[in-house]
Enquirer: 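Got a structure here, written out as structure tokens. Questions coming.
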Amino acid sequence: MPNLVCSVENCAYNNEYLCSLNEIHVDGSHAEDPHSTFCGSFCDQKESFSNCEHCGCATKNTEIDCEAENCAYNDSNRCHADGIDVCGCGSNTARGTECSTFRLKY
């Protein structure tokens, strides 16, 4: 399971750059670069409830369900990178985030 670091500070699941979800979903099935990916699990803090039933303890070890078929780290829709970085500071939508670890398969 990859170590996840998230710099999307306004995501409801972000807790000191760690994710409080047990699993996140990275979208971008036809992505060819990091900018074409996004965190489908993003939830804007302004629109979330303060008591989230899907949240657990924030941890580096988060399962990554990955739809980025062209990513070198994707194996059967699971991320197998040692670690990933999700970024998108200031974004208020999932499309404003990205998996900056994405690497195009050769």
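Counting from 1, the numbers follow the sequence of the chain as shown.
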Enquirer: Only counting residues at least two apart or in another chain, list the ones meeting side-chain contact (heavy atoms from CB on, under 4.5 Å) with T93.
Expert: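 For T93, the residues satisfying side-chain contact (heavy atoms from CB on, under 4.5 Å) (neighbours in sequence not counted) are S91, R95.
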
Enquirer: Roughly how far apart are N14 CG and L21 CG, rounded to 0.5 Å?
Expert: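 The CG atom of N14 sits 10.5 Å away from the CG atom of L21.
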
Enquirer: Is the side chain of E69 donor-acceptor paired with the backbone N or O of N74 at a distance under 3.5 Å, no angle test?
Expert: no

Enquirer: For the atom pair CD (Q45) and SG (C11), what is the distance rounded to the nearest 0.5 Å?
Expert: 7.5 Å

Enquirer: Applying a strict under-4.5 Å side-chain criterion to I, L, V, M, F, W and Y, I'd like to know whether I84 and V8 cluster together.
Expert: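 They do share one cluster, since a chain of ILVMFWY contacts under 4.5 Å joins I84 to V8.
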
Enquirer: Minimum heavy-atom separation for G88 to S7, with atom names?
Expert: N-OG, 4.2 Å

Enquirer: Kindly give the heavy-atom pair with the smallest separation between S41 and Y13, and that separation in Å.
Expert: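 Shortest heavy-atom separation between S41 and Y13 comes out as O-CE1, 3.1 Å.
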
Enquirer: Just verifying a value: how many Å separate S100 OG and D85 CG, rounded to the nearest 0.5 Å?
Expert: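 If I round to the nearest 0.5 Å, the distance is 4.5 Å.
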
Enquirer: Tell me the closest heavy-atom pair linking Y17 and E9, and the distance in Å.
Expert: OH-OE2, 2.6 Å

Enquirer: Run the side-chain donor-acceptor check on residues 33-40: report pairs under 3.5 Å with partners two or more places apart or on a different chain.
Expert:
{"unit_1": "D33", "atom_1": "OD1", "unit_2": "H35", "atom_2": "N", "d": "3.0"}
{"unit_1": "D33", "atom_1": "OD1", "unit_2": "S36", "atom_2": "N", "d": "3.0"}
{"unit_1": "D33", "atom_1": "OD1", "unit_2": "S36", "atom_2": "OG", "d": "3.1"}
{"unit_1": "H35", "atom_1": "ND1", "unit_2": "E98", "atom_2": "OE1", "d": "2.8"}
{"unit_1": "T37", "atom_1": "OG1", "unit_2": "P34", "atom_2": "O", "d": "2.6"}
{"unit_1": "T37", "atom_1": "OG1", "unit_2": "C99", "atom_2": "N", "d": "2.9"}

Enquirer: Is any side-chain heavy atom of C79 less than 4.5 Å from a side-chain heavy atom of V26?
Expert: no

Enquirer: Of all the heavy-atom pairs spanning L104 and A31, show the shortest one and how long it is.
Expert: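 Taking L104 first and A31 second, the nearest heavy atoms are CD1-O, 4.4 Å.
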
Enquirer: With side chains defined as the heavy atoms from C-beta onward, is the minimum distance between Y73 and R78 less than 4.5 Å?
Expert: no

Enquirer: So which atom in T97 and which in F42 form the shortest heavy-atom distance, rounded to 0.1 Å?
Expert: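 Minimum heavy-atom separation between T97 and F42: CG2-CD1, 4.0 Å.
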
Enquirer: Nearest 0.5 Å please: distance from the CG atom of N15 over to the SG atom of C6.
Expert: 11.0 Å

Enquirer: Side chains of N10 and D44, heavy atoms from C-beta outward: is any pair under 4.5 Å?
Expert: yes

Enquirer: Which donor-acceptor pairs under 3.5 Å do the side chains of residues 61-68 make with protein atoms, sequence neighbours left out?
Expert:
{"unit_1": "T62", "atom_1": "OG1", "unit_2": "T59", "atom_2": "O", "d": "3.4"}
{"unit_1": "D65", "atom_1": "OD2", "unit_2": "H25", "atom_2": "ND1", "d": "2.6"}

